[in-house]
Amino acid sequence: MRTKVLQLEQWKKLIEQGGFKMKKLYLEFLEKHPKVKWRVFMRKNYARPRAVFTMWLACNKRLATKTRLEKFGVQTDLKCVFCEGTENIQHLLFECRETKEIWEQVLRWLNMKHKVQGWDQELRWLSKVCNIRNWRSNIVKMALVETVYEIWKKRNDKVYQQQYKDRNTAQKIIELIVNRIWVYPKYRKRIAQMLVA
């Protein structure tokens, strides 16, 4: 890297000015990539780390849905475990009637009126909603991440364990949000108002 550092114009300017900052040098070495719109869901998200990781996989279209597994040569039926549709990420996350109902219940609790669509459309809409920095956007992005994780977990329980317990997933997600966000005093009043409503 020494030869590359010596060739940098930024390096020469830093030496001439007498001020060296490692951060500036580090940023010079980073390759320039366009920022993805879904990055807003990853920043300052109070959801469980495993839920954030699952969200990252979903945003990168890396969840091992049946259509994705088929591309790798895994023999499987392509039917959604919740309905008769073809299981891909677009369908599984909010086009399927069961997962759509879960997300609609969570949105109702958040007091948000929105016509739920497929994954790509929801990401576009939610990236606009969560780009505003306020208490509501923080709770919405946490709700999205926890919902994606719980749907994926419910799907896997049904596919692999065959011990599928039909419980109210939306209620579980809401309880998770309340329990995790209650730790932060600045959100308590808002959450209490949402629970009363």
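All values below come from the heavy atoms of this structure, side chains included, with hydrogens, waters and symmetry mates left out. What you see is a predicted model; the values in this text were computed from it and never measured.
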(request) Indicate yes or no for a side-chain donor-acceptor contact from Q117 to the backbone of E122 under 3.5 Å, with no hydrogens or angles considered. (result) no
(message) Check this for me: does any side-chain nitrogen of one of R155 and E98 sit under 4.0 Å from a carboxylate oxygen of the other?
(response) no
(request) Report, as yes or no, whether the 6.0 Å neighbourhood of atom CZ on R133 holds more than 12 heavy atoms from other residues, nucleotides or ligands. (result) no
(message) Quick check: do I102 and K154 have side-chain heavy atoms less than 4.5 Å from each other?
(response) yes
(message) With heavy-atom distances below 4.5 Å as the criterion, would you say the side chains of L107 and E104 are in contact?
(response) no
(request) In plain terms, say whether K153 and E146 are close enough for a salt bridge, that is, a side-chain N and a carboxylate O under 4.0 Å apart. (result) no
(message) Just verifying a value: how many Å separate F41 CZ and L123 CG, rounded to the nearest 0.5 Å?
(response) 5.5 Å
(message) Quick check: do K66 and V81 have side-chain heavy atoms less than 4.5 Å from each other?
(response) yes
(request) Look only at the side chain of T67 and the backbone of E87, and say whether a donor-acceptor pair between them is shorter than 3.5 Å. (result) yes
(message) According to a hydrophobic-cluster definition based on side-chain heavy atoms being under 4.5 Å apart (Ile, Leu, Val, Met, Phe, Trp, Tyr only), do M112 and I181 belong together?
(response) yes
(message) Is the shortest side-chain heavy-atom distance between L63 and R68 below 4.5 Å?
(response) no
(message) Under a 4.0 Å threshold between the charged nitrogen and the carboxylate oxygen, would K100 count as salt-bridged to E95?
(response) no
(message) Angle between ring planes, H114 versus W125, binned at 30° and 60°: parallel, tilted or perpendicular?
(response) parallel
(request) Specify whether Y187 and Y184 have parallel, tilted or perpendicular ring planes, treating 30° as the upper limit for parallel and 60° as the lower limit for perpendicular. (result) perpendicular
(message) Looking only at side-chain N and O atoms, does Q171 offer a donor or acceptor that is under 3.5 Å from a partner on Q105?
(response) no
(message) As an exercise, state the distance from OG1 of T86 to CG of D77, rounded to the nearest 0.5 Å.
(response) 10.0 Å
